[in-house]
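Read the numbers this way: they start at 1 and go in the same order the structure lists the ligands and their atoms. Values reported hereafter were calculated over all heavy atoms of this structure, with side chains retained and with hydrogens, waters and symmetry mates removed. Being a predicted model, the structure only gives us computed values, none of them experimental.
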Amino acid sequence: MPVARPDSSGARIIAHVDLDCFYVQVEQRKQPKLRGLPTAVVQYNEWKGGGLIAVGYEARNYGVKRSMRGDEAKEVCPQIELVQVPVARGKADLSSYRNAGSEVVSILARKGRCERASIDEVYLDLTDAAEAMLAQTPPESLDEVDEEALKSHILGLESKDGNDSKATVKEWLCRCDADHRDKLLACGVLIVTELRMQVLKETEFTCSAGIAHNKMLAKLASGMNKPAQQTTVPFSSVKGLLDSLPIKKMKQLGGKLGTSLQNELGVTTVGDLLKFSEDKLQERYGFNTGTWLWNIARGISGEEVQARLLPKSHGSGKSFPGPRALKTVASVQHWLNQLCEELSERLCSDLEQNKRIAHTLTLHASAFKSSDSDSRKKFPSKSCPLRYGTAKIQEDTFNLFQAGLREFLGSFGVKTQGSHYSGWRITALSVSASKIVPVLSGTCSITKYFNGPDKFGSTSEQLPDNFIDAAPLSPSGSESYSTLNSTELQNELPGEQVWIEHSMADLGQLEMKANTWNRLDPSCSISKQTSGTESSSSLDQNKPQNRDDSRMRSVPIKSNQQEHKKSALKDKGASSILNFFKSGDLSCSSGNHDTEHAETLLPLGDCLSESNKKQVNIPKERLDNSTGDCLSESNQNQVNIPKERLAEAATTSTTTDRCGSDQIQQRSESWKLRIEEIDPSVIDELPKEIQDEIQAWLRPSKQPHRVKRGFTIADYFSPSKNRLEQ
Ligand code: DCP
């Protein structure tokens, strides 16, 4: 459920920047001859010309929509240029889009705190820049205002007395008698104009933007005038904007909560919410959600722009629709190996370029039992601590798959010996790496992080627990692709909410749960470098522990808890756990098993560039010796972070704004692709509203929404309980 956050006392200037028909622009930059021509990008699936996933504005003018297949698009626009998404390892390869997005982020981050919300969307907090401009060169002091800024749309502003719109905009921007909020907003308009022009100059991409006093309003505005335009929401226009905005178009109201508001309170627009008191909304939806609803009806949202320039997870996935469903272990393993290879490349690249390490490996799959294709049972997602090196990731992922498969089949009452039962089909696979944190320089170097076998072998709560339980898995195993979507998880997994939210919110501060941080060397002094809310206990730093001692334990001493788990693990991928305890990777080409627990630190070799080799060492046992796969693909996901932003760049967040406006209506109509055709690898990086929609599709079998009773204890015992039960 959404939670209200207090709005900051002063006026903020927030921009939401969204690249126009993003994949198309990337392809047009690659092939300039396509510029100006009706163009669309199609999925890697050639059936009927492939599904369109991005449509250029020239093609939109002919009526081409994202919901169409290539053949259909050709019917309405015979001259359309269809470009296929690049392919690598038999699946869509989004790296060129990711890299292009990173180029844009690098530019936008020059002016303010910057949050990369999806592959082509960014939030900026421009408050400081706007305040500075207002103090030094206020718009009212300008003789000339840039032409591009004069093309801005100011919501609620109407041209008067035959003035052309540019003159009206200029007048609005340069008013001396405007209040402080509007003056700041005018500065925001000028700053965003400049940024968009800079993006165009340096990358050749056009983007659109919304500028407002909070994220929610900025996001609503950015989609209103596309392409290559910007829209501003002055405080005085907020009511007008929200009054007519369909409730389902509002952030976090596209799903069950929005449906409940429609069906049970008769709310059709956000403005309709104004009819209800805060008490009434709280009584109906619980304290937090009630307050949140009351706030959004008034355009109030305190959600901060989080400083996050880099992706919060890496994923690689592929779907196998219809007859292409996988039905043998060998075929699953083949595809998992491909996916892991890609994931490993991206992890190494992230490590090299951004000095970040991921902690958790998660496997998601979609499956059905061949005799039961309508089944609502989901393949459980599985997670374990992530070990670097392609072979290790492949091995661990395969073990996760086997554990998931046993559980999946077990839910049908099928007992398997190994994977001999063959009545299953896999329709999608994806592997992801999450809990990505920066490697701290200084006392806690990456050397220590990766140090040795004791990370997985000497503490009581480590791998076995994580391996089986740490996955964001609902009791029914119905989790799908949203490991990092805390909002979704919040709705689905009340019991796990705290864990998810905590770890998401604190990634940058390295304040993570003990089961993750147990892997850290106890001598590491991270807590001294963090804000330290939980760090000391999480890191177990006070426990005196001699690294040499722990190294000597080639067989870890198991606690009672581990003993207790042992038998269960037999059925749940225990072999991989044993492999974790073996620090020498069998896949290492050196094959030197004598060094299993040696602490010798080898340079990362090919995985790192020369300059980085000096700084980053990884013990032999944590590396796949085929380090050639630890590529140094130049520029992959690299963001040139302006110096002044570096300090901010370590936090993470989720962003869940939704669009409003007519254009947004069009968008939602255009996402109606068939779910089985969606490549899971793309989902995490798509704009949030698309992710939400896909998540909704992934849960078709869910019970229709029934508002939960007893959101708070008070609600549960309140006299209204009976009413709520109706
Ligand atoms: N995308 C995708 N599959 C979808 C939807 C989108 O792969 N079902 C990709 C292609 C898009 C990119 O994500 O180019 C960004 O999606 P947007 O919704 O921002 O749409 P566009 O950028 O293509 O167009 P617009 O100018 O309307 O924002």
Side-chain angles (χ1 to χ4, degrees), residues 16-30 38-45 50-61 64-69 73 82-87 91-101 104 116-123 196 199 205-210 219-231 249 254 311 315 317-319 481 655 657-698:
H16 178 258
V17 180
D18 185 7
L19 284 143
D20 302 317
C21 56
F22 183 45
Y23 289 11
V24 169
Q25 287 207 75
V26 174
E27 296 303 331
Q28 286 177 329
R29 188 174 70 167
K30 281 187 216 161
T39 307
V41 174
V42 292
Q43 264 180 330
Y44 175 62
N45 170 353
L52 269 54
I53 52 175
V55 180
Y57 283 83
E58 294 86 352
R60 292 184 204 193
N61 291 339
V64 178
K65 296 206 165 90
R66 187 145 68 187
S67 53
M68 293 177 173
R69 302 209 73 91
L82 297 176
V83 185
Q84 200 188 52
V85 165
V87 173
K91 58 181 286 299
D93 175 10
L94 304 184
S95 47
S96 57
Y97 307 130
R98 277 187 208 107
N99 295 339
V104 175
R116 191 171 185 175
S118 78
I119 200 160
D120 78 333
E121 283 172 291
V122 166
Y123 286 100
R196 287 180 39 244
V199 167
F205 299 141
T206 66
C207 51
S208 300
K219 169 78 188 231
L220 285 171
S222 70
M224 286 182 172
N225 294 290
K226 275 190 146 248
Q229 294 172 75
Q230 60 187 46
T231 307
K249 298 295 163 207
K318 183 169 171 66
S319 57
Y481 298 102
T655 56
D657 286 345
R658 292 188 70 83
C659 304
S661 87
D662 295 347
Q663 282 83 350
I664 294 153
Q665 178 67 38
Q666 275 174 17
R667 282 184 175 204
S668 66
E669 282 165 10
S670 62
W671 302 328
K672 288 169 189 152
L673 292 173
R674 295 207 331 242
I675 187 63
E676 66 274 19
E677 289 168 9
I678 291 180
D679 182 339
S681 64
V682 308
I683 296 174
D684 273 356
E685 291 166 271
L686 295 179
K688 188 60 186 61
E689 61 272 19
I690 296 175
Q691 288 191 31
D692 287 346
E693 188 146 337
I694 294 172
Q695 295 297 347
W697 291 340
L698 288 169

For ligand 1, indicate whether the residue [X] contacts it via side chain, backbone, both or neither (heavy-atom separation under 4.0 Å).
| X | answer |
| --- | --- |
| Gln43 | neither |
| Glu27 | neither |
| Arg66 | side chain |
| Tyr97 | neither |
| Leu19 | backbone |

[X] neighbourhood, listing ligand 1 atoms whose heavy-atom distance to it stays under 4.0 Å:
| X | value |
| --- | --- |
| Asp18 | 19 (O), 28 (O) |
| Arg60 | 24 (O), 25 (P), 26 (O), 27 (O) |
| Tyr57 | 25 (P), 26 (O), 27 (O) |
| Lys226 | 25 (P), 26 (O), 28 (O) |
| Phe22 | 14 (O), 21 (P), 22 (O), 23 (O) |

With a 4.5 Å heavy-atom cut-off, do [X] and [Y] have their side chains touching?
| X | Y | result |
| --- | --- | --- |
| Val104 | Val122 | no |
| Val87 | Asp93 | no |
| Phe205 | Val26 | yes |
| Arg60 | Cys21 | yes |

At their closest point, which heavy atom of [X] faces which heavy atom of [Y], and how far apart are they?
| X | Y | value |
| --- | --- | --- |
| Ala54 | Val24 | O-CG2, 3.4 Å |
| Lys65 | Val55 | C-CG2, 3.8 Å |
| Arg116 | Ile119 | NH2-O, 3.6 Å |

- Query: Who pairs with Glu27 by side chain to side chain donor-acceptor pair (under 3.5 Å), at least two apart in sequence or on another chain?
  - Reply: Lys30, Tyr97
- Could I get the full list of side chain to side chain donor-acceptor pair (under 3.5 Å) partners for Ser208, not counting sequence neighbours?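 So Ser208 forms a side chain to side chain donor-acceptor pair (under 3.5 Å) with Asp20.
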Just distances here: any N/O of [X] and N/O of ligand 1 closer than 3.5 Å?
| X | result |
| --- | --- |
| Val55 | no |
| Asp20 | no |
| Ile119 | no |

- Task: Using atom types as modelled and distance alone, determine if a side-chain donor or acceptor of Lys226 lies under 3.5 Å from a backbone N or O of Leu19.
- Result: yes
- Taking the minimum heavy-atom distance to atom 10 (C) of ligand 1, which of Val41, Ile53, Leu52 ranks first?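 Going through Val41, Ile53, Leu52 one by one, Ile53 has the nearest heavy atom to atom 10 (C) of ligand 1.
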- Query: Can you tell me if Cys21 has a non-hydrogen atom under 4.0 Å from ligand 1?
  - Reply: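 Yes, Cys21 has a heavy atom closer than 4.0 Å to ligand 1.
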